[in-house]
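This is a predicted model, so every value here is computed, not measured. Lettering of chains follows the sequences in order, A, B, ..., and the numbering in each one begins at 1.
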Protein chains: 2
Amino acid sequence: MTEAPSFDVFQPHDHRRCRKEALAAVLAECSARKLRLTPPRRCVLEALLEEHRAMTAYELLDRLREAGLGSQPPVVYRALDFLLANGFAHRIERLSAFVACTHGEGAHEAVFLVCRACRQVAEASLPALARNLEAEASEHAFRVERVAIEVEGLCARCAGAGA
Amino acid sequence: MTEAPSFDVFQPHDHRRCRKEALAAVLAECSARKLRLTPPRRCVLEALLEEHRAMTAYELLDRLREAGLGSQPPVVYRALDFLLANGFAHRIERLSAFVACTHGEGAHEAVFLVCRACRQVAEASLPALARNLEAEASEHAFRVERVAIEVEGLCARCAGAGA
DNA sequence: CCAAGTTTGTTACGTTATAACAGATCGCGA
DNA sequence: TCGCGATCTGTTATAACGTAACAAACTTGG
Ligand SMILES: [Zn+2]
Ligand SMILES: [Zn+2]
Ligand SMILES: [Zn+2]
Ligand SMILES: [Zn+2]
């Protein structure tokens, strides 16, 4: 969480470490910002950290159920609200699904590269792009609050597999 | 449809003309490309052209019902499939809703400025941004197929109204 | 007219998300 | 340590969004 990963999530990498460091970073940030990573929130976060794949709310709810932490939709949506609001996870609008953040600190925006075959998601920042958007918006006298940029396609592996 | 509008949809404008020209452009393009703007498709398009506001599939279905053109969800989703596939309308992922195209010709992508208060949507093109994205994607060996850029915020009118 | 392809319309169902409320837990000051 | 307000958890119920599968109607070209 504390800095951009030095690897590409679409490439093979030491994901055990990736996951462990991401969790540690969230714990540190919660501690620093006096946020409570309660059991359902942590359960959802850990499920998201297992893979760089977007998961639906109901897949995450299954994890909560298995962990004995409640079995109804509001539980998972509230945990997600917390994670999204604090920049620990992102919503992929295109998929109505969620991924753990691999990138920033605090609430932030990013560009998501979303593989339509394996649903893995890479997160990139693109400040130049944000400046372009600001210029465009100001021509319309539009006050920007949130930017969602989602690029759908195929990751190298899935493209290679002949999808 | 045939060219970018010379006005900003967030500003007051001659919307009767705006709507009439958009419909004429779609009719022309259907004729040129041998596409069939059948009654349900036209009904949905006209509903979308009434305002520059994103409408949900079920709002559009109500229009079909009123027009006696079927009352079940698949009817509206199929009409939308046609309009989206041919670039006559766009889906706003953030809202799970749809707007008429004000911009291009044929299937195309754009940047959407979405007012969270009035749900009006302005469409802008941003080729520079697309080039940025391509560069980003190629670093990840990612094959881009679709790009969705949605900017949420407040239009000048809604910001003025103290939202 | 006939056959093939496309479009329409229906039933039924699956998925995603939220409202409303009761009970549990936490943090803090008396 | 005890209470008290705020936050969080968990439930029921329901709303909103979307699709599979199939039969009937229409369109187009021979
Ligand atoms: Zn990893
Ligand atoms: Zn992939
Ligand atoms: Zn207009
Ligand atoms: Zn507005």
Side-chain angles (χ1 to χ4, degrees), chain A residues 26 30-45 47-48 53-86 88-99 114 116 119 148 150 152, chain B residues 30-31 33-45 47-48 53-86 88-99 114 116 119 148 150 152:
Chain A
V26 171
C30 283
S31 172
R33 291 166 49 202
K34 304 238 196 295
L35 302 171
R36 294 171 55 203
L37 192 67
T38 59
R41 292 168 179 176
R42 178 162 179 163
C43 175
V44 169
L45 176 64
L48 289 175
R53 182 173 66 82
M55 296 180 73
T56 69
Y58 283 72
E59 286 179 303
L60 294 165
L61 181 53
D62 288 340
R63 303 308 186 86
L64 286 170
R65 227 176 248 131
E66 286 162 18
L69 291 168
S71 59
Q72 301 305 320
V75 178
V76 71
Y77 282 104
R78 283 190 296 234
L80 285 167
D81 285 345
F82 170 85
L83 296 172
L84 298 177
N86 293 291
F88 302 141
H90 299 287
R91 180 187 163 90
I92 306 299
E93 306 289 350
R94 174 77 184 141
L95 301 176
S96 295
F98 305 85
V99 285
V114 182
R116 68 169 159 77
R119 292 170 67 103
E150 299 181 5
E152 185 179 301
Chain B
C30 283
S31 174
R33 291 167 49 202
K34 304 235 197 296
L35 302 171
R36 295 171 55 201
L37 192 67
T38 59
R41 291 169 179 177
R42 177 161 179 162
C43 176
V44 168
L45 176 63
L48 289 174
R53 182 174 65 82
M55 296 179 73
T56 69
Y58 283 72
E59 286 179 304
L60 294 165
L61 181 53
D62 288 341
R63 302 307 185 87
L64 286 171
R65 226 177 249 130
E66 286 162 18
L69 292 167
S71 59
Q72 300 305 319
V75 177
V76 72
Y77 281 105
R78 282 190 297 232
L80 286 167
D81 285 345
F82 170 85
L83 296 173
L84 298 178
N86 293 290
F88 302 141
H90 298 287
R91 178 186 165 91
I92 305 300
E93 306 287 350
R94 175 76 184 141
L95 301 176
S96 296
F98 305 85
V99 284
V114 182
R116 67 169 160 77
R119 293 169 66 102
E150 299 181 5
E152 184 178 302

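- Salt bridge B:Asp81/B:Arg78: absent, no basic N to carboxylate O contact under 4.0 Å.
- Nucleotide D:dC17 holds its C1' atom 12 Å from the CD atom of B:Glu59, rounded to whole Å.
- Side-chain atoms of B:Thr38 lie closest to C:dT8 of the nucleotides C:dA17, D:dG18, C:dT8.
- Nucleotide D:dT7 holds its C1' atom 6 Å from the CZ atom of A:Arg36, rounded to whole Å.
- Atom pair B:Met55:CE and D:dA16:C1' shows a separation of 15 Å (rounding to whole Å applied).
- Of the residues near DNA chain D, A:Phe82 and A:Pro73, the one whose nearest nucleotide (by heavy atom distance) lies more toward the 5' end is A:Phe82.
- As rounded to whole Å, 9 Å separates atom P of C:dT16 from atom CZ of A:Phe98.
- Across all strands shown, A:Arg65 has no heavy atoms under 4.0 Å from either base or sugar-phosphate atoms.
- Judged by distance alone, with hydrogens and angles left aside, B:Tyr58 brings a side-chain donor or acceptor within reach of the base of D:dG18, the pair sitting under 3.5 Å.
- For B:Arg78 and D:dA21, the CZ to P distance is 14 Å, given to the nearest whole Å.
- Summarising the geometry, the separation between OH on B:Tyr77 and P on C:dT10 is reported as 16 Å, rounded to the nearest angstrom.
- Taking atom CG of A:Leu69 as the reference point, atom C1' of D:dT11 lies 15 Å away to the nearest angstrom.
- Note on A:Glu150 versus A:Arg94: no salt bridge recorded, every NZ/NE/NH1/NH2 to OD/OE distance being 4.0 Å or above.
- B:Pro40 comes within 4.0 angstrom of the backbone, heavy atoms only, and of no base.
- Atom CG in B:Leu61 sits roughly 13 Å away from atom P in C:dT11 (whole-Å rounding).
- Counting all heavy atoms, side chain and backbone alike, B:Arg41 lies closest to B:Leu83 at O-CD1, 4.1 Å.
- Summarising the geometry of B:Ala79 relative to B:Val44, their closest heavy-atom pair is CB-CG2, 3.8 Å, with the distance given to 0.1 Å.
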